[in-house]
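It should be emphasised that the depicted structure is a prediction, and the values quoted were computed from it without experimental measurement. Below, chain A is the first sequence line, B the second, and so on; all start at residue 1.
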2 protein chains.
Amino acid sequence: MAAFIREVEDVAMALRHAVLAALLDEELSGYQLAKAFGLGVANFWHALPQQLYAELARLERDGLVSGREVVQDTRPNKRLFTATDAGLAELERFAATANKPSFIRDDLLVKVQAADHVAAGALIEQLAERAAFADAKIELLGGLLRKMRGGMSEEEFLRHGERIGPYLTCLRGIAFEQGNRDWCRRSAAILEERRTAHARG
Amino acid sequence: MAAFIREVEDVAMALRHAVLAALLDEELSGYQLAKAFGLGVANFWHALPQQLYAELARLERDGLVSGREVVQDTRPNKRLFTATDAGLAELERFAATANKPSFIRDDLLVKVQAADHVAAGALIEQLAERAAFADAKIELLGGLLRKMRGGMSEEEFLRHGERIGPYLTCLRGIAFEQGNRDWCRRSAAILEERRTAHARG
DNA sequence: GACGAATAGTCAGATTCTTGAGTATCATGG
DNA sequence: CCATGATACTCAAGAATCTGACTATTCGTC
C-alpha cells in the first residue's frame, strides 16, 4: 500500500505567505497576528482571527512555522510562532511567482458610482467618515514609521536601515490612505456643492 | 400549507449592488459587464464573468433588473439588462447602510514585506512591471474621463455635468494607480540602491 | 462583587470568489 | 480554407473568506 503524503500545493495562497512574511522578523502569537491583520497594522494583507489560527495550524503541520508554548500566570497561555528555514524557502519561491494585479473592491465606491441616483446626504456623511478613518490610520502608520526609523532620518533609514520591507509596505499603506482621504474630501465637497446648487437652482 | 417565499436578504452583498450601480445608466449585456468588471473599466469593483452571469440571474429572479433579448444576425444573440425601480430602491437602501473599511490585499505587498529575506532582483522586476501596468491603466482611465467630460473642462463637469458618480469613481481609480506607480518606482529604486551598495560594500 | 473589556483561542456553516472546462457563432488574416 | 480571436454564455467544483457563536482566564472599575 502506498503511503499518502500530503504535498504542499504550489498555488497562490497569499494569506499563507502573508503570515509567513509577518513571522520572519518577529515571534508572534495567533492573537497578536490577528490584531495586526485585523484593523490597522499589517498594511500588506487583511484577515480575521479564525483565518489566521487555521492558517497557523496548516503552516505548522507543513513545517513552515514552528510554535512554542509560553506559560503565563497573569494571562492565558499562548503559543508563539516563527518561520522555519522551510518557511523562508517557501517565501522565496513565492516571491518569484507572478502576481495578479490588485483591484479595488470597496462598498463606498459602489455607492459613489450610483451617486446620481441615490440620496446625497448619506453619501456625503459616509465620505466624511471614511476620510476621518483614513486620517486616524495615517497617524497610526506614521507612528509605526517613526518607531521603525528610531533615531534615523527617513532618507538615512531607506539607505541603511535594516528591515526595509515592513517600512516600504507601511509607506504604501499611508499613501493609500492619503489618496483615500483626499478623494473622499474632494468628492464630498463636489457632491455638497452640487446639492446646494440644485436646491437654489 | 404555507407558500415558501424567497425573501431578498438584507446583508451586504456588494457585488449585487455593484452590478445594479453599473446598470443604472446603461443597458448592458452580461458579456459587456464582464469586460467592464474584468481588467479595466469598472474602478469600483472587480469580478469574473461567471460571477456576473450568476449575479444577473439572481437579480432578475428578484426583480431588481430586467433583461430583454436582442436578436443579432451578425453575432450570437444577447440579453441586455437594466435596473428596475425595485433595483434602484434596493440601491438606495444599500447606500444608507454602513460600509466596512476597505483593505489592501496584494501579493506584491506581501513580497515587499519580506524584502529583507528574499532575492531583490525578482522583486525589483515585479515592481517595475506593476508600475508599467499602472501607467497603462492611468492612460486608459484618463481616456474614459475625457470621454465622460465631452467638451467640458474638469471643473465645469464636476459642477454641472450629469452622471458624476462614474466620473468620481474613475478619479479614485486613477489616483489609486498613480499611488501604486509612484510607490513601485520609489521602492524599486530604493531596493536597487541598497543592492548595489551592498555589492560594493 | 458584579460587569465589561482584553487576552487567547476554537468550531461550524454560509457566502463569495476563483479555477477550469465547455458550447456556439461569426469575423479576420494569412 | 483554416486558425485565431471576439462575441455570448454556462456548468461544476474547490478554495478563500466571512458571520456568528463558543470556552476560559484575568484586569480594571464602579
**Student:** Can you tell me if the side-chain N/O atoms of Ser29(B) get under 4.0 Å from OP1 or OP2 in dT7(D)?
**Tutor:** no
**Student:** May I ask you to decide if the ring planes of Phe44(A) and Phe37(A) are parallel, tilted or perpendicular, using 30° and 60° as cut-offs?
**Tutor:** perpendicular
**Student:** For Asp107(A) and dT16(C), give me the distance from atom CG to atom P, rounded to whole Å.
**Tutor:** 12 Å
**Student:** Side chain of Tyr53(B): nearest nucleotide among dC9(D), dT7(C), dT19(C)?
**Tutor:** dC9(D)
**Student:** Tell me: CG of Leu33(A) to C1' of dT7(C), nearest whole Å?
**Tutor:** 15 Å
**Student:** Choosing from dC27(D), dT18(C), dA27(C), which nucleotide comes nearest the side chain of Gln51(B)?
**Tutor:** dT18(C)
**Student:** Looking only at the side chain of Thr74(B) (C-beta and beyond, no hydrogens), which of the listed nucleotides dC26(C), dT17(D), dA16(D) gets closest?
**Tutor:** dC26(C)
**Student:** Rounded to whole angstroms, how far apart are CG on Leu56(B) and P on dT16(C)?
**Tutor:** 15 Å
**Student:** For Leu28(B) and dA8(D), give me the distance from atom CG to atom P, rounded to whole Å.
**Tutor:** 11 Å
**Student:** Compute both the distance and the angle, then confirm whether Lys78(B) meets the cation-pi test with Tyr31(B): under 6.0 Å from the six-membered ring centre, within 45 degrees of the axis.
**Tutor:** no
**Student:** From the list dA24(D), dT7(D), dT18(C), which nucleotide is the closest neighbour of the side chain of Lys35(B)?
**Tutor:** dT7(D)
**Student:** Need to verify one output field. Residue with the more 5' nearest nucleotide on DNA chain C, Pro49(A) or Arg75(A)?
**Tutor:** Arg75(A)
**Student:** Answer with yes or no whether Gln50(B) presents, from its side chain, a donor or acceptor under 3.5 Å of a partner atom in the base of dT18(C).
**Tutor:** no
**Student:** Counting only N and O atoms by type, is there a donor-acceptor contact under 3.5 Å from the side chain of Glu177(A) to the main-chain atoms of Arg172(A)?
**Tutor:** no
**Student:** To the nearest angstrom, how far is Arg79(B) atom CZ from dA24(C) atom P?
**Tutor:** 20 Å
**Student:** Taking the side chain of Pro76(B) as heavy atoms from C-beta outward, which of dA27(C), dA16(D), dA8(D) is closest to it?
**Tutor:** dA8(D)
**Student:** Mind calculating the distance between CZ (Phe37(A)) and C1' (dG9(C)) to the nearest angstrom?
**Tutor:** 17 Å
**Student:** Taking the minimum atom-to-atom distance to the side chain of Lys78(B), which one of dT17(D), dT18(C), dC9(D) wins?
**Tutor:** dC9(D)
**Student:** For Asp116(B) and Pro166(A), which heavy atoms make the closest approach, and how far apart are they?
**Tutor:** OD2-CD, 3.7 Å
**Student:** Using 30° and 60° as the class boundaries, would you call the ring planes of Phe176(A) and Phe176(B) parallel, tilted or perpendicular?
**Tutor:** perpendicular
**Student:** Select one nucleotide: of dA16(D), dA8(C), dT18(C), the one nearest the side-chain heavy atoms of Gln72(A).
**Tutor:** dA8(C)
**Student:** Rounded to the Å, how far apart are Leu48(B) CG and dC11(D) C1'?
**Tutor:** 15 Å
**Student:** Please report the distance, rounded to the nearest Å, between NE2 in His17(A) and C1' in dA16(D).
**Tutor:** 14 Å
**Student:** Ignoring the backbone of Tyr31(B), work out which of dT18(C), dA8(C), dT7(D) is nearest its side chain.
**Tutor:** dT7(D)
